[in-house]
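Shown next, in structure tokens, is the structure this report addresses.
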Amino acid sequence: MKLLRTFTKGLWEELPPFRLVLGLCPVLAVTKSAETGLGMGLAVIFVLTCSNVLVSCLRNVIPRKVRIASYIVIIASFVVMVELASQAFFYKIYESLGIFIPLIVVNCIILGRAEAFASRNGIIPSALDGLGIGLGFTMSLTVLGAIREILGAGTLFGTQVMWSSFRPFTFMVEAPGAFISLGVLLALMNAFSKTQQS
Amino acid sequence: MKEAAHMIVVLVIICTVCGVALSGFREMTAERIENQVLMNVQGPRVNKVLEGSQNDLIADRKVIKIDGQEVLLFMGKKDGKPWAIAYETLGKGFGGDLKVMVGYDIENDKLTGIQIVSHKETPGVGSKVTEDQFTQRFKGIEIDLKAEPEKRLSKKIDAISGATYSSQGVYEAIGKSLQLYMAIKKQDLSTK
């Protein structure tokens, strides 16, 4: 039961971009379409789960004073693997994500989970924590990407979903559109949680 | 002292293991990545530069050695006969290396065109060198192989205003490309 909660907390209570409001740089930058959002999310799930597991394995070996350096080395290695793999197998996504794949290294969610969770818990809870938070991150990115893509280009995952006379609201796929749609989503989620509490 | 040694040992081990794992992974993916770049980056450009060729340009690529450096050479054929070649060279742009693919008509010593393969120029300013408006200007220009390096192209191409450094990077790459072209032509003639 406790393990299940470790997994599900990332899906709502600690949903990374909306609840923790962490890792906003990729959230704003790569959600131009649902596809890039999903691609980025999957990369983050992989890095987060692997680094959580490895940090948890080594938590009794790594001296406290050099823990951050060790975590960064571990995270960076997984990120480079993701970068090479995406280049080798999903070149289109690699091209559209560009610099944001290497930048996963400095994504504060990943270092944050390593420091706050994996370095204090066993391997299985750490893996579940990574998977849960990663899945929550992926969901958020895909939803935000989908909203922006539908309004900004009239498509979803590249296929036309809006009626033919729909004029794309291109503002949504540009940078300001990212801030506004993130803000509106945050507001809606806060309003929803408030009604739940009262 | 003991604590410091412990920290050093642990960090060194972690870094070494990660380094070895990464170089292994790189080895594993290198071939696939090369193929992907060929299909997605170089392929479309080569097809544009050597327009009118009847062969599969990517399949007919080969690596040749010129003056000790390896060059990836694409060869266009018409009616089974090679008529044009293309390869990449680097120039220094405003933001970093500019990789330019230059195509040559080897029968008439003309440029068949250029395409920018990769660049780090300012979006919207220096990146204008990648647009057709600029790259089309190089199409069909004759080459004088005997002239001095600066005068090898029969026509002077104007730089884009506001993108002088980027344009110069393209010229530099073309200059290097011409240098190689002369060497390739010599080699080709001597082997035939």
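By convention in this document, chain letters (A, B, ...) are assigned in the order of the sequence lines, proteins followed by strands, and residues within each chain are numbered from 1.
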Might you confirm whether atom [atom1] of [X] has over 12 heavy atoms from other residues, nucleotides or ligands at distances under 6.0 Å?
X	atom1	result
A:Leu186	CG	yes
B:Lys128	NZ	no
B:Tyr165	OH	no
B:Met39	CE	no
A:Phe166	CZ	yes

Interchain contact, B:Glu3 with chain A, by part (heavy-atom threshold 4.5 Å): side chain

Which answer fits B:Val41, side chain, backbone, both or neither, if we ask what part of it has an atom under 4.5 Å from a heavy atom of chain A? side chain

I want to check something: taking the side chain as every heavy atom from C-beta on, are [X] and [Y] in contact at a cut-off of under 4.5 Å?
X	Y	result
A:Tyr91	B:Ile33	no
B:Ile14	A:Val61	no
B:Thr29	A:Gln87	no

Look up atom [atom1] in [X] and atom [atom2] in [Y], then write down how far apart they are to the nearest 0.5 Å.
X	Y	atom1	atom2	answer
B:Met7	A:Arg67	CE	CZ	12.0 Å
A:Glu83	B:Arg26	CD	CZ	9.0 Å
B:Glu27	A:Leu84	CD	CG	11.0 Å
A:Tyr94	B:Gln36	OH	CD	11.0 Å
B:Cys18	A:Ile75	SG	CD1	10.5 Å

Please flag which part of A:Phe78 lies under 4.5 Å from any non-hydrogen atom of chain B: side chain, backbone, both or neither. neither

Can you hop from [X] to [Y] via hydrophobic side chains spaced under 4.5 Å?
X	Y	result
B:Phe25	B:Val17	no
A:Ile133	A:Val105	yes
A:Met40	A:Val82	yes

Minimum heavy-atom separation for A:Ala88 to B:Arg32, with atom names? O-NE, 3.1 Å

